[in-house]
Each structure stands twice: as structure tokens, then as C-alpha cells.
Amino acid sequence: MKLLRFSLAAAACSATLLFTSVAPGQEQDGDKVDLGALTQIKNEAFQHSQVMDNLFYISEVYGPRVNNSRNHRAAAEWAMKQMKAWGLENVHLEKWGPFGDGWQIKKYYGALESPAYASLLGFPLAWTPGTNGPVTADAILAPLHSEADFAQYKGKLKGKIVLIFDPRELALHTETEAHRLTDEEIEARTKTPDPSHTGFGGGRPGAPAPRPGEYTPASLSTAAPSGRILRNQVNAFLKEEGVAVALTPGYNGDGGTIFASYGGSQDPKDPVGPPMAAITPEQYNRICRLLQHGMTPKLTFDIETEYQKEDPMGFNVVGEIPGTTKADEVVMVGGHFDSWQGGTGATDNGTGSAVAMEAVRILATLHKPMARTVRVALWGGEEEGLYGSLAYVQQHFAPRDTMKKTPEYDKLDVYFNDDSGSGKFRAVSALGNAQLAAIFQSWIAPVKDLGIEAVAGLTAGPTTQPGGTDSTSFSWIGLDGIGFMQDPLEYGTRTHHSNMDLYDRVQKGDVMQGAMIEAWFAYNAATRSAMLPRIETPAASNK
């Protein structure tokens, strides 16, 4: 969901880097690992990989996967079929909610008709209606900075195609945007920040935090409750004024890349605004300049969207490899399965889902006995606020407001999460637990040649609230919800929540490495003599 998810999974980036060159089993409280099993896992992961096949179906065939949409449900059916074919058991959809309406794009066409024709690259915003056929109308610039601006445009927008934000100032790109982390950068990104500063981390890539009540493309694209309030206010006003179509330049990106997500709400009780679309900022700015020079450009849009209202319940996809001697103890791997609509959800988070599926396929294929059950979960509703994982964790393990633990709480060993795009795994969080850090060091030592170098988070504090990605749903209630630090590649600069979130932006070798390491970590957790250590459960809170 967000750039550098690992940082949030390590409790607001509070971390200390631990490099190790000591042989496995020699670290204090580390494990003596099974190098024979490691060889088998590596061979299956690199010689017989299916991770890109998984991604092909998740993103190319069934993407995008807006939560509860028909595509999302079809992808879930495919994933369950694959899990069963690999020999997983207890494969099922686990419902939660209600979430609300599903939604997906059926058709998009946009064009500048005059003073000269130009096709407008873009896509509809989620949970906004279609145009009921082609609509041609005059453009008007009516930037909405706050609710106070409604009055000056009242009665002036009927039947217009309205540009609802100011033009975006675009900068020259002078540096390569795709990037792999150096050793020095890994160390810098995992050092403990000044503890006197709060709120470190978070934020969407490239999107400055809006002030309270301020309308920006970023504020309308946030999952925070404030974003929902803003969307409802804007939609009610634009609908009342009879706007034909509303346009935004997106909150980030240029050169054909458009970052945008929300336009409306999945809640059927919230107001439904007019059709809304994001177009490239260069084309948006062109229309603004025409208007500023006294011209009245005409635009045409033909948008068709579909709301799915049959089943308001959200769902997670779950499957298991049963354990042998300690089958009631559970090791989990996963990532979120839903996506936004601009691309196909390949890097956010088709890769995390494909990696989790490949990890359990590797372990199922090897038929090596594991004492604990290995469970895979593909979460729904992450993009709207971690709904799927929060519902699962609080149903199965403990509601956070009371911390009344279920019998399953003491049987959940660890959850490993992948949700930072296509990049290689470079480090793993220890959640402020020195014992856990030492164990992870021993697991990393024999695979450091693959690029994972460090354990981070030795000095991290407890997770004070869930946010960023699904591992925090676990660590929020004192469970070991573990995230991986990954090479950023193009995640924040090109693919995150954009129309370029596509299969071709995924690096095959990187996701193969991630799947191998996730399988190795899950295997070690499932076969060690004792469950992994935890930090003491934080006190219950209603926050």
C-alpha cells in the first residue's frame, strides 16, 4: 500500500541494523539451520519457479482487482484452484465486513476536441459512475482548495467538464528513478530515528501531506477518514451543481504516469458524485492554459463503470499445509490481493501475493515434514485501510480494544508479509526483539549471497496503531507481524497506485529471490523446536 512498507512494519522506522558474518548456529540464541533443506528450497525456487506464472494470472488476466469487484472475486477463485492443485488443504474464502460495493472500469475514452484534437490518457476514479454514453462539453477551471470555495462556483458548473484542482507544476527529471539500495543506504534506512520526533514515516510516495480540510489530489486519494469526509463533501457539491465530468491531474507522476485512486466511496450510503477521471498532468495543464488564455476548449468523455452490489461482504483467501507434530501452531505468509484500478495491480500487490503463493507451493512440492501448519493468506480491503487483515486478526486472535485473547493467540507463531513492490528482499524486521533478531541472523547467514543482508528493528518500539500494510495488524496486538525491506526500484516513482502498475515493471529475479527467502523463513519457523519469541503484549487501547 505505501512506499517502504517495511519501515512501518518495523514500528515507524524505529530500527537498528545488524550485519552478521558469523556461521549459522554460532550467534547468541540463533538457530542451527538445515542446509540440506535450504538447498532443496533454492533448487525448487530457482529451477522450477512459478512465481511469474502466478503474477501473470493475478495481474494480466484478473487485474485490476479493486476490492469486491468481479475481477477480485475471479482472481480469488483462480488462487484457490491453484492452491488445491498444489496440495494445500482447508482452502477457502473467509468473509468479513460488510465492506460495501465492488466497482470496476468497463470503458474509458477521453479527448480534447477543440481547438485541436488530442486523445487524453487517463482512467476513471474508483467508485464513480459512468457518463451513460459520450458526453461533449465545455471545460471550466474551478479549483477547489477547501469547502469555502464552493460558494464562488455555485450555479456556474452545470453541464461542464470541471477541472477541480490547480495546474500541477512539473519538474525536470535529472536522475534515474529506478534504484537499488546500497549497503550504506540499508544502514541509513534502518537506524533509529530521533525518539523526540513522532509521526516519522508514512505518507504516500511523492504526495505532500495536505493540511486539514484542504482539497488536493492527495487528500482525495487517502484511505484516512478525513479523505472520506472530503470526498463526500466534494461529491455532494459537484452532483448538486450538475457537473458532467470532474477531472484531476493525479497526485504524483508525469510523462504518462498518473497516480490516483479514490473518487467516491464503497459505502452505498455515501453521496455519489459525477463521473470523475484522472488524466496526465501535462494534458491537464494544457487545458488549464487554454482556459487561462480566454479560450473554451471542448472535451469528450465516454466512461462506463460497474458497481457490484450483490454481496457487500469482503473476503480473504486462505489455504494451509498441515503440520505434523504441532499442527495447532501456525506460521503464516501473505500479502494483500486487492489493488487500485489505474494499472493491473502487478507491483501493489500482485508481487506480494504471487510470492506468498510461490512460497507455499515450494514447501508443498518438497513434501518435507514441518511440525507447524503453514498458512497462506491473501488479504482483501488493504487499500481502503487494512480491513481484511484487521478483521482476521481480531476474530482469530484478539480484539485490540479488549485484548481478550482467543485460544489461537498463543498458537500463532509468526506472520511474514510482502508488500513493497517488486524489489529484492534486503533486510527483515525484528520488532524490537533481540532474541528474534539473533534467530533471523542465523537464517540470513547462508543466503546473504542472494542480497538479503541485515536484520533491522532491534530497538523498535511496539506498534501503536495499524497502518501501512497488513503485518501491522498482527504486531498491533503483540503478535510477530514481520515485514521485509525491499529495493525500491520504481515503486514510488512509477508504479505505486498508478496506471504503470503493470506486469512489465516487475523484475523476475527479484520476486524469485523473495519467494525463496519467504519459503526459507517459513520453513525455519515451522520446523524449529520452539515458537519464535514475542515482545510482551501492549496494553489494550481503544485508539
Side-chain angles (χ1 to χ4, degrees), residues 6 9-10 15-45 190 321 323-333 359-360 362-363 366-375 410-418 425-460 471 474-475 478-485 513-535:
F6 168 85
T16 294
L17 185 68
L18 301 173
F19 286 97
T20 178
S21 59
V22 183
Q26 294 181 358
E27 298 88 353
Q28 183 179 359
D29 299 320
D31 287 352
K32 182 174 179 59
V33 298
D34 184 345
L35 296 179
L38 174 59
T39 299
Q40 291 179 271
I41 290 170
K42 290 171 72 172
N43 181 67
E44 184 62 31
T190 56
I321 303 172
T324 54
T325 59
K326 301 176 181 179
D328 59 336
E329 297 179 5
V330 178
V331 172
M332 293 187 68
V333 298
V360 293
I362 291 167
L363 296 177
L366 295 182
H367 298 292
K368 291 186 70 66
M370 295 180 289
R372 296 178 181 86
T373 295
V374 175
R375 180 180 299 160
D410 292 326
K411 300 298 185 179
L412 191 281
D413 189 4
V414 63
Y415 168 68
F416 295 111
N417 191 67
D418 178 359
F425 288 7
R426 305 301 304 279
V428 63
S429 167
L431 297 178
N433 188 329
Q435 288 181 297
L436 190 61
I439 293 165
F440 285 169
Q441 284 179 311
S442 64
W443 297 359
I444 285 174
V447 293
K448 288 183 70 174
D449 62 311
L450 296 175
I452 185 166
E453 301 181 10
V455 177
L458 182 58
T459 59
S471 58
F474 290 78
S475 57
L479 298 171
D480 283 340
I482 304 298
F484 293 94
M485 177 191 291
Q513 181 253 27
M516 182 265 131
I517 290 171
E518 194 165 280
W520 172 236
F521 271 59
Y523 177 81
N524 285 324
T527 57
R528 69 190 311 271
S529 58
M531 289 174 60
L532 292 168
R534 296 179 191 164
I535 294 292

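Note: hydrogens, waters and symmetry copies are ignored here, and every other heavy atom, side chains too, is used.
Between Ile444 and Glu453, the closest side-chain pair of non-hydrogen atoms is not below 4.5 Å. Inter-residue side-chain proximity for Ile439 and Pro533 is flagged as met; some heavy-atom pair is nearer than 4.5 Å. Phe521 is listed as a side-chain neighbour of Val428, based on a closest heavy-atom distance under 4.5 Å.
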**OP:** Could you check Leu363 against Ile41 for side chain to side chain contact (heavy atoms under 4.5 Å, CB included), going step by step and ending with a plain yes or no?
**Re:** CA-CA 7 Å; Leu363 296 177; Ile41 290 170; 4.3 Å; yes
**OP:** Under the side chain to side chain contact (heavy atoms under 4.5 Å, CB included) rule, what do Met531 and Asp413 come out as? Steps first, then yes or no, please.
**Re:** CA-CA 6 Å; Met531 289 174 60; Asp413 189 4; 3.6 Å; yes
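Here the closest heavy-atom approach between residue Ala45 and residue Met516 is recorded as CB-CB, 3.6 Å. Pairing each heavy atom of Ala434 with each of Leu458, the nearest pair is CA-CD1, 3.3 Å. Nearest heavy atoms, Ile362 versus Ala515: CD1-O, 4.2 Å. In terms of heavy atoms, Leu436 sits closest to Ala430 at CD2-O, 3.6 Å. Between Ala37 and Lys368, the closest heavy-atom pair is CB-CE, 3.6 Å. In plain terms, the two heavy atoms of Ile535 and Leu431 that are nearest each other are CG1-O, 3.8 Å.
Counting only distance, with no hydrogens or angles, the side chain of Arg534 and the backbone of Asn433 share no donor-acceptor pair below 3.5 Å. Judged by distance alone, the side chain of Thr373 and the main-chain N or O of Gly323 form a donor-acceptor pair under 3.5 Å. No side-chain donor-acceptor contact under 3.5 Å links Lys326 to the backbone of Ala530. Not a single donor-acceptor pair under 3.5 Å links the side chain of Asp31 to the backbone N or O of Val33. At distances below 3.5 Å, not a single donor-acceptor pair connects side-chain atoms of Ser475 with backbone N or O atoms of Asp480.
Atom CE of Met370 is separated from atom CZ of Arg528 by 15.5 Å, given to the nearest 0.5 angstrom. Taking CZ of Arg372 as the reference point, atom OG1 of Thr325 lies at 8.0 Å (rounded to 0.5 Å). Expressed to the nearest 0.5 Å, how far CZ of Arg426 lies from CG of Leu450 amounts to 11.0 Å.
Under the 30°/60° scheme for interplanar angles, the aromatic rings of Tyr523 and Trp520 are found to lie parallel. Using cut-offs of 30° and 60° on the angle between ring planes, the pair Phe416 and Phe440 is tilted.
Test Asn417, Leu479, Leu412 against Met332 for side-chain contact (heavy atoms from CB on, under 4.5 Å) and you get one pass: Leu412.
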